[in-house]
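Just below is one structure, and these are the notes that go with it.
Values below: all heavy atoms of this structure, side chains included; hydrogens, waters and symmetry mates excluded. Chain letters run A, B, ... following the sequence lines, proteins first and then strands; every chain starts at 1.
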Amino acid sequence: VTVLRPYGDTTGDGMVQMSFTLPMPHSKLAEGAAQQLANKMGMDPAMVVHAKAMGPDFTFFIVYGRVHHLVEVDKVRVVERDYPLLSPKEANLAIRKLLRRRLVVVGACIGTDAHTVGIDAILNIKGFAGEKGLEYYREVRVVNMGAQVSVPQLVARARAEKADAVLVSQVVTQRDAHLLNTQEMSAAFREAYPTATRPVLVVGGPRFDESMTAELGVDRIFGRGTTPADVASYLVHTLAARRAATGSAARNAATTSDPAPEEQAS
Amino acid sequence: MKLALDETAVRQARTLAARVGQPIVDLARQHTTVSVERATLRLAGVSGADPDGTPWVNRLLDAVRADVGLEHGAALPVWDALLRGEAEDLTTLAQKASAGSVRFRLPEGRERTRARSAARKQVGAGLRRIDARRRERERMVQRVGDAPAKPWIYLIVATGDIYEDIPQAQAAAREGADIIAVIRSTGQSLLDYVPEGPTREGFAGTYATQENFRLMRGALDETSRELGRYVRLTNYASGLCMPEMAALAGLERLDMMLNDSMYGILFRDINPVRTFVDQRFSRQVHARAGIIINTGEDNYLTTADAVEAAHTVTVSQLLNEFFAKEAGLEDWQLGLGHAFEIDPALPDSFRLELAHALLARQLFPEAPLKWMPPTRHMTGDVFRGYLLDAFFNLAGALTGQGILLVGMMTEAVVTPWLSDRDLALQNVRYVMNAAGRLHEDFHPAPDGFIARRANQVLGEAVALLERIAADSDAEGDPPLLAAIADGTFGLMRRPADGGRGLDGVARKSEDYYNPATELLEEK
């Protein structure tokens with residue numbers, strides 16, 4: 001079936017429920033107003049089954065009613081995540097199988113941006129949106145360099161720590177500073193590493209366009225609402241894909257040519 | 001409602017907590033931090049910030065540190081400079097110092113005695129201001145009335161804009177909140193300075209500043225009078241500036257502060273020594289200010305399994321109690337935390353919750369325990385979440401919790417809507433009204449599931465404390481530091497020489513002097 005209606009208790013009845021608040025005192029008029037909103041939203045008939053004053057200026061409503069809209073399933077378009085979402089447990093297991101050691105992530109806010117909200121939400125154990133950050137993952141070693149890190153410091157630390165992935169956050173930006181900073185960062189990593197051993201470069205922040213990876217020279221861009229599990233799953237997926245692509249010969253070559261750590265950034 | 005607890009184990013647990021805690025207290029006594037010194041200067045009246053927003057107290061301490069180091073404390077060099085006539089007051093001194101036109105030195109002999117007594121006098125005046133604010137609170141509670149019933153209902157506001165927070169907080173109080181907590185902006189705990197002035201933008205919370213404290217307390221005083229009950233205000237003494245937060249809270253008559261002995265170490269990667277030194281000072285200030293602390297044990301259960309890790313909560317509560325008492329806090333000021341975080345899919349999950357909550361209640365009979373709602377198993381199914389919150393409320397009622405943080409069915413979905421808060425309060429009211437006195441009838445069977453489970457958790461807590469007490473590392477650090485480095489708590493390994501803020505710690509010299517510490521310990 002490609003055309004559907006919501007289901008209450010009978011096929012095709014189109015019944016839905018919703019609740020909302022109107023900023024007006026509870027009265028008959030308010031209930032009528034709720035009914036009007038429901039009608040305008042396409043509920044017909046709409047039943048205001050509950051109305052309750054919340055303080056002197058607001059009223060809360062629960063409305064049940066029928067909608068006549070059809071859901072055309074074959075016209076639904078979604079942007080699918082192109083990698084499977086893993087739980088921390090699954091990610092840990094995958095890393096252990098893939099690398100036989102802990103995955104090393106180096107994170108920082110670069111440029112003048114002092115806002116570590118984003119990088120901390122992804123890295124700190126406290127996490128974000130009820131999900132624990134990457135520090136919580138047993139098989140991930142996190143180096144969080146904090147804010148106002150320069151690109152050379154970041155590159156030096158990534159080499160010293162033998163980073164598998166570098167996470168850069170840019171929250172507060174003006175005049176496209178986040179784009180310029182990111183391009184500077186990716187260029188520096190291209191210069192410092194041969195392509196085969198370059199860490200996975202990930203940037204995140206609310207102002208990025210997720211489709212600009214090529215222009216910015218990074219592997220992935222994450223926008224608002226990204227959770228630690230999104231990032232962990234992506235890293236596992238990408239590292240696995242790289243392994244598969246390069247094969248074991250290249251891997252051996254890569255480990256022997258691994259550059260010695262240079263001066264340690266603070 | 002009473003549990004048959006193994007009294008020998010209870011005594012053993014307290015003895016072990018003291019054995020583990022005392023070396024940390026000794027360590028804290030031997031060190032100072034930039035934030036302890038800045039808090040001292042704030043008590044003496046340094047306020048304001050330079051045009052870039054850097055507080056004058058930071059500029060002043062940085063200048064002192066550059067000239068004579070941190071290890072002697074700020075008081076002697078600062079008041080010596082004042083007595084030499086370098087500036088007429090502290091803030092002017094800070095301004096001159098940051099322009100580089102003042103040189104600090106460590107005074108000796110008679111000059112040292114004079115600097116010492118001048119510092120003591122001025123910091124003492126700050127502490128007397130805190131005393132006055134405490135009496136003011138006591139007077140207000142007496143005049144307008146206290147919260148009508150226990151548990152106190154605790155609600156959160158967090159718009160990021162203090163001028164939005166105020167009407168929201170007032171509305172929440174009118175709806176029934178006894179306590180308003182203003183959540184801080186994400187990341188403030190890692191700032192090594194306290195921002196200045198009223199703030200209108202934060203990330204998932206509002207910056208804690210002295211001015212924001214003052215504005216919110218003033219607004220809630222107004223609402224308290226209107227409602228005929230004193231509405232308490234909560235903020236955070238945590239992160240790198242916790243001593244300063246404590247001082248500002250005391251000066252602006254905040255009523256409760258989140259203040260955990262290990263939270264910053266484990267969850268914010270703040271250096272352990274820095275944290276313990278800052279903790280002790282901040283708790284001494286809270287003790288003086290009549291502020292109730294809220295500890296953060298609920299956080300362990302957000303990272304570890306609530307059944308497996310139940311005893312780590314007990315251990316942390318015992319340590320928090322030891323550190324709090326040592327710093328002068330009284331039982332009524334110990335809002336020890338725990339949470340309703342057991343997986344609801346687990347058989348007997350509610351019985352387990354009751355066992356854990358009763359254990360805490362009985363271990364700390366005089367403390368106003370802080371009961372935290374489910375977060376981990378709130379899925380976005382708001383209907384199921386509402387039911388879970390009702391069971392959380394019921395467990396709170398049955399086990400006599402002192403402070404109940406109201407659970408929102410939209411946890412992990414949106415920041416609470418007006419309607420979420422209203423529905424959540426209806427939930428609390430229904431449960432308290434229907435079952436608030438059920439504990440009078442309900443007694444767990446002496447050898448039943450709940451009593452056995454409580455004793456089991458207590459036993460595990462004793463075993464863990466024994467393990468911590470026996471821990472050691474190569475550097476000869478106190479056992480608790482070694483245990484924290486091993487990842488004993490919350491699965492995080494935090495070595496004593498790692499983490500943020502270590503560069504702001506100094507071992508006290510022979511010449512160290514801090515009038516605030518001296519005065520706070522005199523009582």
Side-chain angles (χ1 to χ4, degrees), chain A residues 17-23 26 50-62 88-89 92 107 109 113-133 135-138 140-148 169 171-172 205-206 224-225 227-228 266, chain B residues 53 167 170-176 185-192 201-205 263-270 296 299-300 302-304 374-380 382-383 409 411-414 417-423 425-426 487 489-494 498-500 503:
Chain A
Q17 61 181 148
M18 67 173 171
S19 61
F20 57 87
T21 300
L22 288 179
H26 181 208
H50 176 75
K52 181 185 169 289
M54 290 187 308
D57 307 320
F58 296 90
T59 311
F60 176 68
F61 301 96
I62 300 178
K89 213 180 211 168
N92 285 332
C109 290
D113 190 358
H115 296 80
T116 58
V117 199
I119 198 80
D120 286 344
I122 300 301
L123 296 182
N124 280 8
I125 190 162
K126 178 86 179 167
F128 171 65
E131 267 185 32
K132 300 293 144 205
E135 280 191 335
Y136 174 71
Y137 290 64
R138 220 175 266 277
V140 178
R141 189 161 70 82
V142 170
V143 179
N144 186 348
M145 297 178 69
Q148 301 187 340
S169 170
V171 175
V172 175
R224 195 182 281 281
T227 66
S266 67
Chain B
Q170 290 179 314
R174 286 188 197 108
E175 288 163 28
S185 176
T186 306
Q188 184 170 0
S189 53
L190 302 183
L191 299 180
D192 212 342
E201 54 178 43
F203 300 90
Y263 174 83
I265 302 170
L266 300 173
F267 296 95
R268 293 292 184 207
D269 195 12
I270 294 174
N299 290 288
Y300 297 115
T302 64
T303 53
T375 57
R376 217 179 159 183
H377 300 286
M378 298 295 274
T379 56
V382 295
F383 303 103
M409 65 183 186
E411 175 75 40
V413 181
V414 289
W417 289 1
L418 186 74
S419 53
D420 298 334
R421 212 175 272 144
D422 189 82
L423 286 163
L425 284 167
Q426 285 185 56
F489 297 98
L491 303 174
M492 296 309 308
R493 292 163 188 273
R494 302 299 190 200
R500 301 174 165 103
D503 57 351

Holding to side chain to side chain donor-acceptor pair (under 3.5 Å), I want the full list of residues that pass it with A:T59, two or more places apart in sequence or in another chain.
none
From the list B:L423, B:L418, B:L190, B:D269, the residue making the most non-hydrogen contacts under 4.5 Å with chain A is B:L418
Taking the side chain as everything from C-beta on, heavy atoms only, tell me whether B:R500 gets closer than 4.5 Å to A:N144.
yes
Test ring-ring contact (aromatic ring centres under 6.0 Å, His included) applied to A:F61 - qualifying residues, sequence neighbours left out:
A:F20
At a heavy-atom separation under 4.5 Å, does B:R421 approach chain A through its side chain, its backbone, both, or neither?
neither
In terms of heavy-atom proximity below 4.5 Å to chain A, should B:Q188 be classed as side chain, backbone, both, or neither?
neither
Please round to the nearest 0.5 Å and tell me the distance separating atom OG of B:S189 and atom CG of A:D120.
8.0 Å
